[in-house]
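Let me begin by presenting the structure, written as structure tokens, before commenting on it.
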Number of protein chains: 2
Amino acid sequence: MVENCIAPCCTDCESAWENFNNLTEDELRYVCENRSQAMFRPGEIIFKQGSPISSAVFLINGMGKLYIEGYDNKKMMIGIAKQKRLIAGPGTYVDSRHHYTLSALTDVNACFIKMDVLKELVLKNSKFAEGFLIDISKKSLNTFYRFLSHSQKKMHGRMAETLLYLANHIHESDIFDLLLSRQELGELSGMAKESVVRILKDFSEDHIIEDKCPHIKILDKEKLQLISNMG
Amino acid sequence: MVENCIAPCCTDCESAWENFNNLTEDELRYVCENRSQAMFRPGEIIFKQGSPISSAVFLINGMGKLYIEGYDNKKMMIGIAKQKRLIAGPGTYVDSRHHYTLSALTDVNACFIKMDVLKELVLKNSKFAEGFLIDISKKSLNTFYRFLSHSQKKMHGRMAETLLYLANHIHESDIFDLLLSRQELGELSGMAKESVVRILKDFSEDHIIEDKCPHIKILDKEKLQLISNMG
DNA sequence: AATGTCTATTGATATATATCAATACAAGAA
DNA sequence: TTCTTGTATTGATATATATCAATAGACATT
């Protein structure tokens with residue numbers, strides 16, 4: 001159970017962060033020496049909002065959800081975490097605190113790399129630093145547009161957008177099994193769980209999607225895109 | 001009119017970005033050689049959403065507003081721009097496009113520094129790169145919390161927060177002259193202009209603020225903070 | 001099979017907030 | 001001064017969306 005989850009050295013890890021390509025062989029080996037792994041079961045918390053950031057996290061396999069615990073016990077889901085993506089959070093270079101929680105949605109094999117090591121490499125290798133900047137910038141831009149859509153789109157538009165996000169970026173297929181409950185789908189798209197149910201029903205009745213509970217099939221992607229672009 | 005707006009070299013510019021402290025004298029001189037300046041009148045656009053990012057912008061004096069032009073001609077104001085802050089936007093390292101518009105709220109003296117030069121320095125000087133990372137991270141974190149508050153707070157809470165933002169971060173005083181119309185205040189706090197009027201009236205009647213139209217005086221900051229923390 | 005515990009679904013209702021419309025006010029232009 | 005134009009204010013109304021409450025399924029446990 002334990003031994004078969006040890007990933008090979010970062011050098012040939014298939015789930016590695018793109019930016020590691022900017023490191024020299026020696027530097028990558030250094031990263032490798034400063035990593036550790038752990039397995040998580042669905043529902044388990046990998047890191048918690050407020051706690052100090054000691055390591056960057058990468059999911060070797062499985063998926064997780066990133067969410068902020070806000071006012072009044074309400075959760076706001078930021079997105080789904082999966083392999084190949086740095087999960088460190090904007091606090092890394094600000095206050096070394098996690099500003100959101102990561103919990104496992106499936107069985108997760110997670111790799112932890114000491115943040116000090118990555119920060120050291122940022123100072124040593126400027127291409128790596130640039131890669132870091134690109135990564136943070138992309139995420140920042142995403143947040144922006146999510147913010148915009150939450151502020152200006154109505155519920156149907158947001159739900160369409162969410163479904164497209166899941167299909168295009170997470171499952172990379174128009175047919176997928178939903179990892180999220182209606183409650184969680186609401187936290188991701190910014191609405192009450194009852195509204196999620198009603199809107200998914202609307203979409204089903206209009207033959208835009210087929211929804212056999214955890215099973216989702218996007219039938220009319222153009223229409224979904226149209227609704228997302230301001231429904 | 002023209003000559004008196006030429007700022008001294010960045011070396012002793014009072015409005016300079018903090019991160020320029022990480023540059024050597026030579027590097028700073030290099031920055032200085034690649035800058036230009038321009039004056040703007042209230043309402044004029046300094047750079048426009050969608051246009052290519054050729055330069056980073058710094059306001060030597062005056063203030064501007066940053067806003068996204070979203071769906072349905074609705075604007076979403078991101079914040080107020082003022083001196084000492086890098087205004088480059090998250091597109092810098094992604095697609096070299098501006099993702100929001102900057103327009104002048106007052107007379108503005110703006111300094112433009114070629115983005116290529118800054119990017120070159122990021123690669124040359126790792127401390128500078130780190131400073132850049134810190135800057136972007138802070139902004140990203142801000143966006144996050146604004147997003148959270150817009151999603152979860154009610155109008156009174158958001159307006160309280162906005163007033164505290166203006167007092168603490170922009171005007172740095174509890175008494176200030178509002179640069180924004182009710183419409184713009186609505187774009188900043190995410191509500192209709194009529195709602196802005198009604199809430200400011202509520203706050204006035206409760207003696208939390210004094211509002212003699214462009215004049216604002218915060219009378220009860222604790223209460224305002226309380227409302228902001230989930231009113 | 002019976003029981004308990006979740007989550008999903010549905011309908012009824014409440015509430016926050018936007019929109020619409022009318023008026024008042026302020027600042028410039030003639 | 002009067003006129004014009006834009007913003008601010010106020011009240012009435014519409015609408016999106018949340019909340020509440022009840023029921024129905026699904027799945028595990030006994």
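Here is the naming used below: chain letters follow the sequence lines, and residue numbers restart at 1 for every chain.
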Roughly, in whole Å, what's the span from [atom1] in [X] to [atom2] in [N]?
X         : N       : atom1 : atom2 : value
Lys154(A) : dT15(D) : NZ    : P     : 12 Å
Leu178(B) : dT7(D)  : CG    : P     : 14 Å
Arg198(A) : dA18(D) : CZ    : P     : 10 Å
Met191(A) : dT19(D) : CE    : P     : 13 Å
Gln183(A) : dT19(D) : CD    : P     : 10 Å
Lys193(A) : dC6(C)  : NZ    : C1'   : 12 Å
Asp72(A)  : dA18(D) : CG    : P     : 14 Å
Glu184(B) : dA8(D)  : CD    : C1'   : 14 Å

Quick one: which of [options] gets closest to the side chain of [X]?
X         : options                   : answer
Ser195(A) : dT10(D), dA18(D), dT9(C)  : dA18(D)
Met155(A) : dT19(C), dT17(D), dT17(C) : dT17(D)
Arg158(B) : dT17(C), dG11(C), dT7(D)  : dT17(C)
Lys74(A)  : dT19(D), dT19(C), dA8(D)  : dT19(D)

Heavy-atom donor-acceptor pair, Arg182(B) side chain to Val196(B) backbone, under 3.5 Å: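 No: the side chain of Arg182(B) does not pair with the backbone of Val196(B).
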
Indicate whether any N or O donor in one side chain lies under 3.5 Å from an N or O acceptor in the other, for [X] and [Y].
X         : Y         : result
Asn168(A) : Glu172(A) : no
Arg35(A)  : Gln37(A)  : yes
Asp220(A) : His207(A) : no

Helix axis bend for the helix from dA1(C)-dT30(D) to dA30(C)-dT1(D) - C1'-based end axes, five pairs, 10° rounding: 20°

Carboxylate-amine/guanidinium contact Lys65(A) Glu184(A), below 4.0 Å: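 Looking at Lys65(A) and Glu184(A), the cut-off is met.
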
Ile208(B) CD1 to Asp202(B) CG distance, which is reported to the nearest 0.5 Å: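 Reported to 0.5 Å precision, the distance equals 8.5 Å.
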
Nearest-0.5 Å distance, CD1 of residue Ile209(B) to CG of residue Leu200(B): 5.0 Å

Sub-6.0 Å ring centroid separation between His99(B) and Phe144(A):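 Ring-ring flag for His99(B)/Phe144(A): false, centres at least 6.0 Å apart.
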
dT7(C) phosphate, OP1 or OP2, under 4.0 Å from Ser181(A) side-chain N/O: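 For dT7(C), neither OP1 nor OP2 has a side-chain N or O of Ser181(A) closer than 4.0 Å.
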
Sequence-aligned protein contact record of nucleotides 21-29 of chain D, with B where the base is within under 4.0 Å of a protein heavy atom and S where only the sugar-phosphate is: ---------

Phe47(B) side chain reached by Phe112(B) side chain, heavy atoms, under 4.5 Å: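 No - every pair of side-chain heavy atoms lies 4.5 Å or more apart.
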
Heavy atoms from other residues, nucleotides or ligands near CD of Glu69(A) exceed 12 (cutoff 6.0 Å):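 Yes, CD of Glu69(A) has more than 12 neighbouring heavy atoms, counting only those of other groups under 6.0 Å.
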
Members of residues 199-207 of chain A that approach DNA chain D, where some heavy atom sits under 4.0 Å away: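 By residue number: none to list.
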
Polar pair under 3.5 Å, donor/acceptor by atom type, side chain Arg182(A), base dT10(C):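 There is none.
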
Step-by-step salt bridge (charged side-chain N to carboxylate O under 4.0 Å, His left out) determination, Lys153(B) to Glu161(B): CA-CA 10 Å; Lys153(B) 285 184 189 174; Glu161(B) 184 177 73; 2.7 Å; yes

Salt bridge (charged side-chain N to carboxylate O under 4.0 Å, His left out) between Arg41(A) and Asp107(A), intermediate numbers included: CA-CA 5 Å; Arg41(A) 298 233 145 261; Asp107(A) 279 328; 2.7 Å; yes

